[in-house]
Amino acid sequence: MSKEEHGYVEHQTFEVEGFRVSDATATGLRPHDDLVWVGYGGTEGRWLSPESALELARGIVTVVN
């Protein structure tokens with residue numbers, strides 16, 4: 001996988017308690033503007049759709065409450 005095929009540009013990033021959440025736009029072969037990175041510890045994480053990221057956030061709020 002080359003950076004040209006799977007690159008991205010970060011627009012906004014929040015770091016809290018070792019977690020990193022970033023808004024990004026893909027720049028590869030199929031550019032799109034619907035990526036949210038949710039990671040932990042600098043190496044582990046995954047890309048989510050905005051809808052999945054909101055669902056995760058709702059789950060966290062529900063559990064905390």
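Any value given below was found using the heavy atoms of this structure, including those in side chains, with hydrogens, waters and symmetry copies removed. Quantities reported herein were computed from a predicted structural model and do not represent experimental measurements.
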S.K.: What distance do Y8 atom OH and L35 atom CG have between them, rounded to the nearest 0.5 Å?
M.R.: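 Reported to 0.5 Å precision, the distance equals 10.0 Å.
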S.K.: Which atom pairs, donor and acceptor, lie under 3.5 Å between side-chain atoms of residues 37-48 and protein residues at least two apart or in another chain?
M.R.:
none

S.K.: When the side chains of residues 49-57 are checked against the rest of the protein, which donor-acceptor pairs come out under 3.5 Å, sequence neighbours left out?
M.R.:
residue: S49; atom: OG; partner: E51; partner atom: OE1; Å: 3.4
residue: S49; atom: OG; partner: S52; partner atom: N; Å: 3.1
residue: S49; atom: OG; partner: S52; partner atom: OG; Å: 3.2

S.K.: Can you see which heavy atom on T13 is nearest to which on E10, and at what distance?
M.R.: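 For T13 and E10, the tightest heavy-atom pair comes out as OG1-OE1, 3.0 Å.
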S.K.: Measure the OG-CZ distance between S22 and F14 for me, rounded to the nearest 0.5 Å.
M.R.: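 It is 9.5 Å, given to the nearest 0.5 Å.
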S.K.: Are R58 and I60 close enough that some pair of their side-chain heavy atoms sits under 4.5 Å apart?
M.R.: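 Counting from C-beta outward, R58 and I60 never come under 4.5 Å.
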